[in-house]
Structures are given as structure tokens and as C-alpha cells.
Amino acid sequence: MEVFYLIDFCYFVNIATAVFLVWFPNNAQLEALVYALADGPIAGALVAWQCPWVFGSGEHTVSVLMHLLPGLAMFAHRHYTPSGLRGWQGIAQYAAQLLHGHIMPTGSVPPASHPQHTLLWLVAAPLLFYIVWQLLYYLVVQVLFRSFILRNGYETSYICLARRAAKNNNFWNRLVRRGSITRRLLVYGGLQLLFTVICCSVFLPTYFSFPLAVAYQVVKVVFPVYYGSRYQMTKVPQHVFLKGIQVYHEVHSDMQQQQQQQQAEEQAAEAVAAQRKAAEAVRLRRSCATEAACACPPLAAMPRQVMA
């Protein structure tokens, strides 16, 4: 029921990050584009949507790591990955070195480079990537499969966020839900575009400053851990309490059903016993009547002398 989550923006950025790291590790333009997407809107979603990192929950952990790891991988690639470990060729060479007992990768870490037309690749290109994805998402979710999703109850990120906003009933929910469905979709897409612009603007200083980039990676980890601890202290006890109430009602309902079933069985047994007693009484009356008839023969059967 959650298959349409696979076309969310975070999946596209994760795929773009993997493609860059494996096939184009030395392309400065693509590095700027993917880095801006990974440490911009994807990382910003950790704070904006308050994603909790609950270590005991696989669903929460996967959700956090999908938003955390792309930017962390791009940060490590830009500042710590030596040339001998870049791309699929570097990984293959390093695997061959490990077979011969050489642990340290060859080459040094290249200096952080900046592409020509930096703002083009750090701002314009990420926004174009987002717009293309948003149009594709709209085409798939709101046009091609809209009736299929609504008819079969499939989940999408739009439905999930709309339900969450309606539950909170905040300003953004009231802003998006005004007017027709077309207006809602346009406002929703516009707000996401604005969110992407803001996150890319926040990311820009970290691209040019190594200390800010390190601090940003720490912030990306601290916030989900904080949200996860808050979730553990508030939501988990509530869930346990509600689960306990649910179990109590289920046990109480089962006990009531067992008692009703036992009472029904007892009533059925009493009814059977009463029927047996009634049948026995009828049988006894018939037996007594038969014996009385045998002991007192009818008048027609008496000898005529006796009658005279």
C-alpha cells in the first residue's frame, strides 16, 4: 500500500548520489548539483518534518538514514575520499589491493574544487531538478494513477502530509486547503519549491567552508536523535498505555464471550434436561394408563352370566 513512496524526492536524490559516486566522481558540476540536493532539501527535511531517529524502530531508522546519508556521503567524498577510492574503478583497484594485503588506498585527497558558474550548479540546477521531479510526481500521482490510488487506498507522501497537517490544523494546513483541488496542488508544490530554495540557501555557506560543513553534519545527527528521544519519552508510553487498554478490552471481551457461551451451554443443557424429564413423565403416564387398562378389562369383554 506504500509503493508510491518510491517516487518521492528523497529516492531520486539517493539514486543521483549513488550514480555520481560510482560513475562520475570527478565531475565538479555534478558534485555541486548532487551535494546541494543531498545536503539541502533532503537534509533540511530532517528538521522541517521533525524526523525522529528511534533506534528500536526499523521504519524510523530507514527514514532518517535516507535523508542523512546522501549528504554525509557527499561530504566525505568532497573532503576525505582519496583519489584511489573514487568511482567504481577506484573501488575495484582497492579491492585488488586488499587481496594482496595492502590496506591503505592509493592517492591523496584532491583539494575541494568549485565548478565554473558556481551559482548555476548550486542553485539553478537543483531547482530545475526539483521542478522536473515535481512535474513527474504530479503526472504519476495526480493524473495517471489518481483514481487507482483513491480506489484502492494507497498511501502517498501528499496524502500523508495532508493528513498530518489536518491533524495539527496549523496555518499551513489552512493555507493549502483553501479553494479547489488544483489550487491546493499548486500551493503545495509552490511551498515545496520555496522549501527547496531556502534549504539550498542554507547549504551554500557549508559548501565553501569546511568548518561549517562539519558543524552541519553534526546538526543533521543531533536533531533526529533529539526528536527520537522525545518520541521515546512521549509517544512510546502513550502507545504502550493505549496498547494496554486495547489488550484489556480484548481480554474483557473474550471473557464476556466465554461467559455468554458458558451460559448458553448451561441453558441448552437445562433445556435438554427439561425435555428429557417431560419425555420421561409422558412415558410414565402412558405406562400407567396401559397397566390400568390391563387390570380393568372393558365391560364388553365380561361373561354374560356375570352381566346377568
Side-chain angles (χ1 to χ4, degrees), residues 6 10-47 51-116 118 121-122 125-126 129 199 202-229:
L6 295 177
C10 58
Y11 286 93
F12 278 70
V13 175
N14 273 268
I15 293 173
T17 303
V19 169
F20 165 76
L21 292 175
V22 174
W23 299 102
F24 308 101
N26 299 314
N27 190 309
Q29 290 82 4
L30 288 181
E31 181 188 43
L33 166 64
V34 176
Y35 199 2
L37 292 170
D39 249 359
I42 297 301
L46 292 170
V47 179
C51 299
W53 195 347
V54 183
F55 297 109
S57 171
E59 180 180 355
H60 287 89
T61 299
V62 170
S63 177
V64 170
L65 292 181
M66 285 195 63
H67 293 81
L68 177 66
L69 291 182
L72 184 60
M74 293 301 301
F75 168 79
H77 172 82
R78 181 173 175 81
H79 298 287
Y80 289 104
T81 305
S83 58
L85 270 179
R86 297 197 169 193
W88 67 271
Q89 294 178 343
I91 296 174
Q93 292 176 1
Y94 183 65
Q97 291 179 12
L98 290 177
L99 294 176
H100 293 84
H102 302 288
I103 300 177
M104 297 300 296
T106 59
S108 58
V109 179
S113 60
H114 308 290
Q116 294 182 350
T118 304
W121 291 100
L122 287 177
F129 185 96
C199 290
V202 173
F203 158 76
L204 282 177
T206 68
Y207 181 80
F208 297 101
S209 173
F210 174 75
L212 290 179
V214 173
Y216 192 51
Q217 303 307 312
V218 174
V219 169
K220 285 164 49 180
V221 175
V222 168
F223 271 88
V225 172
Y226 165 73
Y227 293 137
S229 62

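All of these numbers come straight from a predicted model, not from anything done at the bench.
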With sequence neighbours excluded, give me every salt bridge (charged side-chain N to carboxylate O under 4.0 Å, His left out) pair touching [range].
{"range": "residues 206-227", "result": "D39-K220"}
{"range": "residues 55-68", "result": "none"}
{"range": "residues 91-105", "result": "none"}
{"range": "residues 95-108", "result": "none"}

Of all heavy-atom pairs between [X] and [Y], which one has the smallest distance, and what is that distance?
{"X": "Y227", "Y": "L46", "answer": "CE1-O, 3.7 Å"}
{"X": "N27", "Y": "L30", "answer": "OD1-N, 3.0 Å"}
{"X": "W121", "Y": "Q116", "answer": "CD1-O, 3.5 Å"}
{"X": "M74", "Y": "A38", "answer": "CG-CB, 4.3 Å"}

Identify, with sequence neighbours excluded, every residue that meets side chain to side chain contact (heavy atoms under 4.5 Å, CB included) alongside [X].
{"X": "P41", "answer": "F9, F195, T196, C199, C200"}
{"X": "L204", "answer": "L122, V123"}
{"X": "A28", "answer": "S113, P115"}
{"X": "V225", "answer": "W53, F55, V221"}

### Summary
Taken in chain and number order and not counting sequence neighbours, the residues that satisfy salt bridge (Lys or Arg N to Asp or Glu O under 4.0 Å) with R78 are E31
### More than 12 heavy atoms from other groups under 6.0 Å of CD1 on I103
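No, CD1 of I103 has 12 or fewer neighbouring heavy atoms, counting only those of other groups under 6.0 Å.
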Side-chain donor-acceptor pairs of residues 12-26 under 3.5 Å, sequence neighbours excluded:
from, atom 1, to, atom 2, distance (Å)
N14, ND2, C10, O, 2.7
N14, ND2, M66, O, 3.1
T17, OG1, V13, O, 2.8

### Query
Taking the six-membered ring for Trp, are H114 and Y207 ring centroids under 6.0 Å apart?
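So the answer is yes for these two rings.
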#### Entry: Pairs meeting criterion side-chain hydrogen bond (donor to acceptor under 3.5 Å, both in side chains) with involvement of residues 60-70, two or more places apart
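Counting only pairs at least two positions apart or across chains, the side-chain hydrogen bond (donor to acceptor under 3.5 Å, both in side chains) contacts touching residues 60-70 are S57-H60.
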### Message
Any heavy-atom pair between the side chains of Q217 and L72 that's under 4.5 Å?
### Response
yes
### Task
Calculate, to the nearest 0.5 Å, the distance between atoms CG and CD1 belonging to L69 and I42 respectively.
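Between L69 CG and I42 CD1, I get 12.0 Å after rounding to 0.5 Å.
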### Message
Quick check for you: to the nearest 0.5 Å, what is the distance between Y216 atom OH and F203 atom CZ?
### Response
8.5 Å
